[in-house]
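Note sheet for the following structure.
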Amino acid sequence: MATGTEPQHNGGGVRTRTRAAIAAPHLRTDRWWLAPAATAAGLLAFVVYSTWRAFANAHYYAAPYVSPFYSPCLAENCRAMRAGPNADLFGGWWGISPAVIILIFPLGFRLTCYYYRKAYYRAFWASPPACAVAEPHRTYTGETRFPLVLQNVHRYFFYAALLVAGVLTYDTVLSFRDQHYRWGHMGLGTLVFLANITLIWAYTLSCHSCRHIVGGKLKHFSRHPVRYRAWRFVGRLNARHMQLAWASLLSVALADFYVYLIASGVFNDPRFF
């Protein structure tokens, strides 16, 4: 029933004539903008750093360590890595950094991740900027139109992320060698790689797609006890999906930066045994 107190909004989207009769854009008095601002700063910092490292095409291998940004190395112009993740699938015609080839898959997995969607939708697109804060857009179509409809390929990027995580696990095993490729050694870089691969696997397995794969489409968990236990395990990880997303993003950048420092001669990798 009309009361005569409805605000007159000429815009679209959430600012229509059906909006509640509140003159202020929102009633929040806290610093609600801090969270999206911090998210934007963190994601932007990673984008700048990863872009620089991806196109640098240098200082990504220092035996026995290979940067996760360049692994597996699929171009002919890759550094020679003894027993490393070399696969010359792209011949001499590929002239730019080989990191560009492989980074498509982990970045595609993260860009379409349910948590990261929320993060950059709020931080960069203000859709919405925060809870109980109206978004400035005139219309809202969700992920039903191009290009956001492409977010539905997340489940397929998940399978690619599993393969990449498997290769990074192999790289971590190779880190138990010394610079002369002798086994039975461990350096500070080994610990960096171990921490990184642990977080990478935890983030990958905490994915919503993984939770659906291990426990979805089941009507009776009692008839599938193994899948039920796997579903519960993934569910516990899924509850920490946001924290694992940020921790693994930081760890993969630190692992790459560590290799860069060693390969560029800033310092030598400390050896424990």
Side-chain angles (χ1 to χ4, degrees), residues 46-113 116 147 150-183 189-190 192-194 196-205 207 209-210 213 245 248-249 251-264:
F46 180 81
V47 169
V48 172
Y49 174 79
S50 60
T51 301
W52 165 59
R53 288 293 294 137
F55 285 94
N57 197 18
H59 305 310
Y60 59 84
Y61 181 67
Y65 310 121
V66 56
S67 164
F69 286 1
Y70 287 80
S71 182
C73 210
L74 302 180
E76 189 178 284
N77 60 356
C78 292
R79 284 282 306 278
M81 295 179 279
R82 182 174 175 182
N86 290 82
D88 299 340
L89 300 181
F90 290 73
W93 58 270
W94 185 266
I96 61 177
S97 172
V100 177
I101 305 172
I102 195 60
L103 281 180
I104 294 173
F105 301 103
L107 288 180
F109 177 60
R110 289 183 182 266
L111 282 173
T112 58
C113 165
Y116 280 114
L150 296 178
Q151 301 281 26
N152 293 320
V153 302
H154 177 63
R155 68 192 69 180
Y156 304 109
F157 274 117
F158 169 72
Y159 297 115
L162 286 178
L163 296 176
V164 173
V167 174
L168 296 183
T169 303
Y170 176 71
D171 296 341
T172 303
V173 173
L174 294 182
S175 71
F176 284 91
R177 304 179 300 175
D178 62 11
Q179 63 270 30
H180 303 294
Y181 306 102
R182 294 188 295 257
W183 287 96
T190 308
V192 173
F193 274 50
L194 282 171
N196 178 56
I197 195 57
T198 300
L199 290 171
I200 289 292
W201 273 115
Y203 166 65
T204 303
L205 295 179
C207 170
S209 293
C210 180
I213 289 171
S248 60
L249 193 71
S251 70
V252 73
L254 288 177
D256 170 81
F257 188 62
Y258 188 84
V259 175
Y260 167 77
L261 292 177
I262 298 176
S264 60

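Values below: every heavy atom of this structure, side chains too, minus hydrogens, waters and symmetry copies.
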Under a plain distance cut-off of 3.5 Å, with no hydrogens placed, do Arg82 and Tyr181 share a side-chain donor-acceptor pair?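 Looking only at side-chain atoms, Arg82 and Tyr181 do not form any donor-acceptor pair under 3.5 Å.
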Between Trp201 and Ser248: side-chain donor-acceptor atoms closer than 3.5 Å: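 The criterion, which ignores hydrogens and geometry beyond distance, is not satisfied for Ser248 and Trp201.
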Let me see the working for Ser71 and Met81 under side-chain contact (heavy atoms from CB on, under 4.5 Å), right down to the final yes or no. CA-CA 11 Å; Ser71 182; Met81 295 179 279; over 6 Å; no
Tell me whether Arg53 forms a cation-pi arrangement with Tyr70, defined as NZ or CZ under 6.0 Å from the six-membered ring centre and within 45 degrees of its axis.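 Because its charged atom misses either the 6.0 Å distance or the 45° angle limit, Arg53 does not stack over Tyr70.
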Close side-chain approach of Pro85 to Asp171, heavy-atom, < 4.5 Å: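 Yes; the side chains approach each other to less than 4.5 Å.
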Begin with the C-alpha distance, continue with both residues' side-chain angles, and end with the deciding distance and a verdict on side-chain contact (heavy atoms from CB on, under 4.5 Å) for Tyr61 and Val259. CA-CA 7 Å; Tyr61 181 67; Val259 175; 5.7 Å; no
Taking the six-membered ring for Trp and the single ring otherwise, decide whether the centroids of Phe193 and Tyr65 are under 6.0 Å apart.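 Ring centroids of Phe193 and Tyr65 are less than 6.0 Å from each other.
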Measure centre to centre between the rings of Tyr156 and Phe109, then say whether the value is under 6.0 Å.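 Centroid separation for Tyr156 and Phe109: 6.0 Å or greater.
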Worked check of disulfide bond (SG atoms under 2.5 Å apart) between Cys73 and Cys78: CA-CA 6 Å; Cys73 210; Cys78 292; 2.0 Å; yes
Could you walk me through whether Phe90 and Glu76 satisfy the side-chain contact (heavy atoms from CB on, under 4.5 Å) test, starting with their C-alpha distance in whole Å, then the side-chain angles of each, then the deciding distance to 0.1 Å, before giving a yes or no? CA-CA 6 Å; Phe90 290 73; Glu76 189 178 284; over 6 Å; no
Under 3.5 Å, is there a donor-acceptor pair between the side chain of Asp256 and the main chain of Ser67?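 No, because the side chain of Asp256 does not come within donor-acceptor range (under 3.5 Å) of the backbone of Ser67.
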Once rounded to the nearest 0.5 Å, what's the spacing between atom OG of Ser209 and atom CG of Leu162?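 Nearest 0.5 Å value for the OG-CG distance: 10.0 Å.
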All ring-ring contact (aromatic ring centres under 6.0 Å, His included) counterparts of Trp52, not counting sequence neighbours: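 ring-ring contact (aromatic ring centres under 6.0 Å, His included) list for Trp52, sorted by chain: Tyr49, Tyr260.
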